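Remember, predicted model here, so these are calculated numbers, not experimental data.
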Number of protein chains: 2
Amino acid sequence: MKLVNQRSTELKVIYGPALAVDAVLFTIDKDELKILLIKINSGPYKNKWAFPGGLAQTKETLDETAKRVLFQKTNIDNVHLEQLYSFSDLKRDVRGRVVSVAYFALVNNPYNFKIKTTSYYSEISWWSVKNLPPMAFDHQKIVNYAFERLKSKIEYTNIVYSLLPEEFTLTELQNVYEIILDKKLDKRNFRKKMTSLDLIKKTGNKRKGEVHRPAELFCFNRRKLVFL
Amino acid sequence: MKLVNQRSTELKVIYGPALAVDAVLFTIDKDELKILLIKINSGPYKNKWAFPGGLAQTKETLDETAKRVLFQKTNIDNVHLEQLYSFSDLKRDVRGRVVSVAYFALVNNPYNFKIKTTSYYSEISWWSVKNLPPMAFDHQKIVNYAFERLKSKIEYTNIVYSLLPEEFTLTELQNVYEIILDKKLDKRNFRKKMTSLDLIKKTGNKRKGEVHRPAELFCFNRRKLVFL
DNA sequence: CCAAAAGTGTTTTAAGTACACCCATGG
DNA sequence: CCATGGGTGTACTTAAAACACTTTTGG
């Protein structure tokens with residue numbers, strides 16, 4: 001492809017990096033924060049794990065690229081995807097010069113995805129962020145960045161809605177916060193805060209059938225990103 | 001240039017967007033927050049104004065690209081440059097498909113830059129963010145984003161150090177905050193807060209020669225980014 | 001002695017933290 | 001009736017906000 005020097009009127013042929021998107025997909029499963037990784041089974045990154053990703057195409061925005069690669073590789077659709085940062089270390093991909101725009105997304109577990117296997121990708125699985133396998137490219141760096149963003153973002157937005165089902169108990173909500181922040185929170189203070197913010201409301205239903213007092217069920221007022 | 005499908009071992013020739021960097025440079029001048037713009041004098045964006053920017057080269061990181069294009073276009077060097085966001089609207093540059101990674105930077109005014117004029121760029125000047133000229137590309141969108149980032153970042157970091165000389169009075173520091181936030185701050189509360197944070201210290205010198213009580217001069221403990 | 005900006009403390013309000021017991025259910 | 005997690009309120013601490021007068025200098 002000829003890249004044109006777009007910033008002048010003379011068309012000079014120049015060379016530039018390729019542009020890719022990687023999607024860091026988080027979920028909570030069995031009281032652990034996990035990310036979705038795909039195992040690479042050939043080439044220089046053989047037996048290393050990577051995020052679902054792919055090259056940006058000309059006729060799509062990066063948001064669309066992120067959505068597309070996630071869907072193509074995992075069948076996952078309709079999730080909140082958010083741009084994180086662009087990574088451009090010279091050696092991040094030893095096979096060639098690729099700049100990657102990282103995105104992150106959150107899904108409610110268990111998510112019914114199907115891996116589309118190829119000769120290049122075979123295995124796909126969720127990994128606890130506390131116990132990650134050997135990562136391809138600079139993906140360890142990207143996951144660290146994504147994890148920090150997630151931790152700070154749950155403090156001033158409602159994004160955890162994506163990690164929860166439609167209805168949930170306050171204890172379940174608190175668990176999500178505790179798992180992400182990796183620390184215990186005070187039950188009374190947590191409930192006071194959550195009910196004072198205008199993010200959730202009672203559905204009137206209760207979680208019954210367990211060997212203790214039934215819990216009130218709540219839902220988010222809006223299932224889209226809200227800042228406090 | 002042939003772009004290779006970097007995410008597989010088979011080398012497929014694909015086409016992707018070109019990658020550029022744009023730098024939003026802020027300063028404070030005459031009690032106004034200003035940004036540096038260059039006037040385009042030919043092509044579809046003739047008579048519109050744009051940030052210093054340029055295409056990313058293969059053998060440099062985006063941070064290096066940002067530093068380079070800023071230096072090449074303005075001779076400005078050694079400023080704090082920080083990645084903002086990647087902009088990828090399909091129609092952001094009508095001449096072709098270019099994704100731009102925006103950076104922002106802050107300089108202490110007056111900065112002694114020299115524009116390097118070409119047939120494409122001629123005029124360069126500072127514009128108040130409250131009164132911007134017609135902007136090229138999607139640069140109006142980028143400046144809005146950068147401005148929001150700046151406003152929030154001065155609340156939890158020391159970045160304003162780049163907008164101030166080595167030594168400054170607390171009133172001068174407060175002015176910087178008031179101009180960026182576009183609101184008056186309480187003098188006593190501001191000073192209490194600033195002196196309680198461990199960001200600045202007295203130099204022992206005073207600003208003399210003015211028709212009022214001389215002001216204590218302060219400097220930042222560290223002239224690099226610190227989070228609170 | 002006047003004008004101009006520098007400098008300085010206290011009170012009030014809001015938000016966050018710490019902390020312990022009773023409740024409703026299923027088995 | 002017992003084990004289990006659900007649900008609740010008050011006191012303390014810390015940070016932010018409101019607010020007005022005295023000081024030092026040059027002219």
S.K.: Please report the distance, rounded to the nearest Å, between CG in B:Leu228 and P in D:dA15.
M.R.: 13 Å
S.K.: Please give me the minimum heavy-atom distance between A:Val24 and A:Ile142, naming the atom from each residue.
M.R.: CG2-CG2, 3.7 Å
S.K.: Quick check on B:Asp89: does its CG atom have over 12 non-hydrogen neighbours (other residues, nucleotides or ligands) under 6.0 Å away?
M.R.: yes
S.K.: Base, sugar-phosphate, or nothing for B:Thr171, non-hydrogen atoms under 4.0 angstrom?
M.R.: sugar-phosphate
S.K.: Could you check, using the six-membered ring where one of them is a Trp, whether B:Phe137 and B:Phe87 have ring centers closer than 6.0 angstrom?
M.R.: no
S.K.: Could you run down the sub-3.5 Å N/O contacts of the protein with nucleotides 25-27 of chain D?
M.R.:
from: D:dT25; atom 1: O2; to: B:His212; atom 2: N; distance (Å): 3.4

S.K.: Can you tell me which residue among A:Lys202, A:Lys201, A:Arg191, A:Arg207 is in a salt bridge (charged side-chain N to carboxylate O under 4.0 Å, His left out) with A:Glu216?
M.R.: A:Lys202
S.K.: Quick one: does A:Tyr177's side chain get under 4.5 Å of A:Met194's, heavy atoms only?
M.R.: yes
S.K.: Output, in order, the C-alpha distance, side-chain angles, deciding distance and verdict of side-chain hydrogen bond (donor to acceptor under 3.5 Å, both in side chains) for A:Asn144 and A:Glu148.
M.R.: CA-CA 6 Å; A:Asn144 295 344; A:Glu148 290 305 313; over 6 Å; no
S.K.: Could you give the CG-to-C1' distance, from B:Leu170 to D:dT23, as a whole number of Å?
M.R.: 16 Å
S.K.: Just checking B:Phe168 against B:Phe220, ring centres under 6.0 Å apart?
M.R.: yes
S.K.: Take the protein atom CD of B:Glu216 and the nucleotide atom P of D:dT23, then report the distance between them rounded to whole Å.
M.R.: 17 Å
S.K.: Under the ring pair (Phe, Tyr, Trp, His ring centres under 6.0 Å) test against A:His139, which residue among A:Tyr145, A:Trp127, A:Phe51 passes?
M.R.: A:Phe51
S.K.: When you measure from every atom of DNA chain D, which of residues 184-192 of chain B have a heavy atom less than 4.0 Å away?
M.R.: B:Asp186, B:Arg188, B:Asn189, B:Lys192
